[in-house]
Colleague: 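Once you've had a glance at the structure underneath, I'll fire off some questions.
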Amino acid sequence: MPELAEVEVARRNVAGWWEGEAAAEVRLLDAKVLKKGSARELEEAMLRPLVAMRRRGKYLWAELEGGHAVMFHFRMTGKITCETTPQPRFARLAWRVDKTGWLTFKDSRRLGHVEVLAPGELERYDALLRMGKEPHDITVDELREAASDRRQLKSALLDQGVVAGVGNIAISELFWRLQLPPEVRCGELSQAQWEALVEEMPRYFDEIIARSMADEIAYMNEAGGENIFEVYGRKGEACPRCEEAIERVKVAGRSTYFCPACQPPVNA
DNA sequence: TAGTCTGTTAGACA
DNA sequence: CTGTCTAACAGACT
């Protein structure tokens, strides 16, 4: 599951499931996922009607009547699904909405978290304050300014302070589309390549979002696990563009999949 | 089996 | 500043 795209799909789904209602019942199934606020505050907040579901980067939050917010971060394995029972496997928090069923925050690895924010705290939420612009809003100049020349482009794009929501999978896919080598440094990109990157980022996310929404409808969530990416997770398979075998390397500490033929090193 | 991999992020360290 | 490693954690894969 992708990054910004997965969270945006979750936002749209949850907004539809929960829209205009208050939860009828809240169950905190694993108290350790609640990183800020008390179980009681969480319950009181969620029992108020939903005002809006919002997203910034990979952060997702619910705004409730009365001014509280409930913040979610999925990290690696978190997700929100709609269930018929309140305690499916890996459920950490569940709330029942009459018209829909049990909305469930699941997280097998328990790296994700939930926070209850009192009125006004959202405006002072550090991760949001430090976050770069969304891929859909950032300009070429803004991106170049945030990414210093010597830094690896991958490292810069993974930095949420540079641009919001880009994750490890998106990097492999974007680099393949733009034919950039995995370890390319920011200073090595031409103006045209910067422009292409700024154009391709929102396009990539829009495509994955559209695809994920369609899959949700087709499979009623709980994806079948088919790899929808061009190169990510496809080591040894043929490049869709040139048939060369896809390789995997570690850059910025994370796996990057690339085609050695159509993404050659800059100095080659 | 045991070891290795994993979509994130913050923080320690060289 | 930069990259690398680790810790959170637990399951899937080789």
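Being a predicted model, the structure only gives us computed values, none of them experimental. Note that these values count all heavy atoms, side chains included, but never hydrogens, waters or copies made by symmetry. Letters A, B, ... mirror the listed sequences (proteins, then strands); counts begin at 1.
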Colleague: With respect to the phosphate group of B/dT8, does any side-chain polar atom (N or O) of A/His73 fall under 4.0 Å of OP1 or OP2?
Modeller: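 For B/dT8, neither OP1 nor OP2 has a side-chain N or O of A/His73 closer than 4.0 Å.
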Colleague: Any side-chain N or O of A/Ser155 below 4.0 angstrom from OP1/OP2 of C/dG3?
Modeller: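 Yes, within the criterion.
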Colleague: Ion pair present between A/Asp30 and A/Arg110, side-chain N to carboxylate O less than 4.0 angstrom?
Modeller: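 A salt bridge links A/Asp30 with A/Arg110.
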Colleague: When rounded to the nearest Å, what value does the distance between P atoms of C/dC9 and B/dA2 take?
Modeller: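 Result for the P pair: 22 Å, nearest Å.
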Colleague: C/dT6 P sits how many Å from A/Leu111 CG, rounded?
Modeller: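 From A/Leu111 CG to C/dT6 P: 17 Å.
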Colleague: Quick one: is B/dT9 close enough that its OP1 or OP2 comes under 4.0 Å of any side-chain N or O from A/Gln160?
Modeller: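 For A/Gln160, the contact criterion (side-chain N or O under 4.0 Å from OP1 or OP2 of B/dT9) is met.
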Colleague: I need the NZ-C1' distance between A/Lys79 and B/dT8, as an integer number of Å.
Modeller: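 Distance check: A/Lys79 NZ to B/dT8 C1' gives 15 Å.
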Colleague: For A/Lys250, which contact category applies under a 4.0 Å heavy-atom criterion: base, sugar-phosphate, or nothing?
Modeller: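 Sugar-phosphate, no base atom in range.
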Colleague: Answer yes when A/Glu200 and A/Arg203 have at least one side-chain N-carboxylate O distance shorter than 4.0 Å, and no when they do not.
Modeller: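 A/Arg203 and A/Glu200: salt-bridged.
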Colleague: CE of A/Met131 versus C1' of B/dT9: gap in Å, rounded?
Modeller: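 To the nearest whole Å, that distance equals 11 Å.
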Colleague: Measure the distance from CZ on A/Phe90 to P on C/dC9 and round it to the nearest whole Å.
Modeller: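 Rounding to the nearest Å, CZ of A/Phe90 and P of C/dC9 are 16 Å apart.
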Colleague: Any side-chain donor paired with an acceptor under 3.5 Å for A/Glu83 and A/Thr85?
Modeller: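 Note: A/Glu83 and A/Thr85 side chains miss the donor-acceptor criterion.
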Colleague: When the P atoms of C/dC13 and B/dG7 are compared, how many Å lie between them, rounded to an integer?
Modeller: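 To the nearest whole Å, 14 Å.
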Colleague: Kindly confirm or rule out a cation-pi arrangement of A/Arg241 over A/Trp176, judged by NZ or CZ under 6.0 Å from the six-membered ring centre and within 45° of its axis?
Modeller: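 Positive - A/Arg241 is close enough to the ring of A/Trp176 and near enough to its axis.
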Colleague: What nucleotide, of C/dA10, B/dG7, B/dT9, holds the atom closest to the side chain of A/Arg110?
Modeller: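 Selected nucleotide: C/dA10.
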Colleague: Could you check how far NZ of A/Lys32 sits from P of C/dA7, rounded to whole Å?
Modeller: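 Taking NZ of A/Lys32 and P of C/dA7, I get 16 Å after rounding.
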Colleague: Can a salt bridge be assigned to the pair A/Lys36 and A/Glu121 using a cut-off of 4.0 Å between side-chain N and carboxylate O?
Modeller: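 So A/Lys36 pairs with A/Glu121 through a salt bridge.
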Colleague: What distance, rounded to whole Å, do you find between the two P atoms, one in B/dT1 and one in C/dA8?
Modeller: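 The answer is 26 Å between these two P atoms.
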Colleague: Between B/dT4 and C/dC5, how far apart are the two P atoms, rounded to whole Å?
Modeller: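 Pairwise P distance, B/dT4 against C/dC5, rounds to 14 Å.
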Colleague: By nearest atom, which of the nucleotides B/dT6, C/dC1, C/dA12 is closest to the A/Ser148 side chain?
Modeller: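 Nucleotide nearest to A/Ser148's side chain: C/dC1.
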Colleague: Once you apply a heavy-atom cut-off of 4.0 Å, does A/Phe74 come out as touching a base, just sugar-phosphate, or nothing?
Modeller: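 Contact class for A/Phe74: none.
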Colleague: Does A/Arg254 have a side-chain nitrogen or oxygen under 4.0 Å from the phosphate oxygens OP1 or OP2 of B/dG7?
Modeller: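 For A/Arg254, the contact criterion (side-chain N or O under 4.0 Å from OP1 or OP2 of B/dG7) is met.
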Colleague: State which of B/dT8, B/dT6, C/dT2 makes the closest approach to the side chain of A/Ser255.
Modeller: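 That would be B/dT6.
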Colleague: Now, which nucleotide makes the Watson-Crick or G-U wobble pair with C/dC9, with each of the two distances under 3.5 Å?
Modeller: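 WC or wobble partner does not exist here.
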Colleague: Side-chain N or O of A/Lys58 less than 4.0 angstrom from OP1 or OP2 on B/dT9?
Modeller: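 Checking B/dT9 against A/Lys58, a side-chain N or O does come within under 4.0 Å of OP1 or OP2.
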Colleague: Any carboxylate oxygen within less than 4.0 angstrom of a Lys/Arg side-chain nitrogen, looking at A/Glu25 and A/Arg27?
Modeller: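 Answer for the salt bridge query: yes.
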Colleague: Could you tell me whether A/Arg11 and A/Glu8 make a salt bridge, using a distance below 4.0 angstrom between a side-chain N and a carboxylate O?
Modeller: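 The answer is yes: the pair qualifies as a salt bridge.
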Colleague: On DNA chain B, nearest-nucleotide positions of A/Ala127 versus A/Gly253: which is more 5'?
Modeller: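 That would be A/Gly253.
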Colleague: Taking B/dC5 as the reference, what is the distance to C/dT4 when you measure between their P atoms (whole Å, please)?
Modeller: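 So the two P atoms sit 16 Å from each other.
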Colleague: B/dT6 P sits how many Å from A/Asn168 CG, rounded?
Modeller: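 Spelled out: CG on A/Asn168 to P on B/dT6 is 8 Å.
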Colleague: Using a heavy-atom cut-off of 4.0 Å across all strands, would you classify A/Tyr232 as base, sugar-phosphate, or nothing?
Modeller: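 It contacts sugar-phosphate atoms only.
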Colleague: Is any N or O donor-acceptor pair between the side chain of A/Arg109 and the base of C/dC9 shorter than 3.5 Å?
Modeller: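 Yes, a donor-acceptor pair under 3.5 Å.
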Colleague: Check every atom of B/dC5, C/dG3, C/dG11 against the side chain of A/Arg248 and return the nucleotide holding the closest atom.
Modeller: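 Out of B/dC5, C/dG3, C/dG11, the nucleotide with an atom closest to A/Arg248's side chain is B/dC5.
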Colleague: What is the distance from CG of A/Asp159 to P of C/dC1, rounded to the nearest Å?
Modeller: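 After rounding, the gap between these two atoms is 12 Å.
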Colleague: Between A/Arg185 and C/dG3, is there a contact of a side-chain N or O with OP1 or OP2 at under 4.0 Å?
Modeller: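 For C/dG3, OP1 or OP2 has a side-chain N or O of A/Arg185 closer than 4.0 Å.
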Colleague: Where the side chain of A/Arg130 is concerned, which of B/dA10, B/dT9, C/dT2 is the nearest nucleotide?
Modeller: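 Closest nucleotide to the A/Arg130 side chain: B/dA10.
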Colleague: Using a cut-off of 4.0 Å on non-hydrogen atoms, how would the nucleic acid contact of A/Thr77 be classed: base, sugar-phosphate, or nothing?
Modeller: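 Answer is nothing: A/Thr77 stays at 4.0 Å or more from every strand.
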Colleague: Over how many whole Å does the gap from A/Glu3 atom CD to B/dT9 atom C1' extend?
Modeller: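 Those two atoms, CD and C1', are 14 Å apart.
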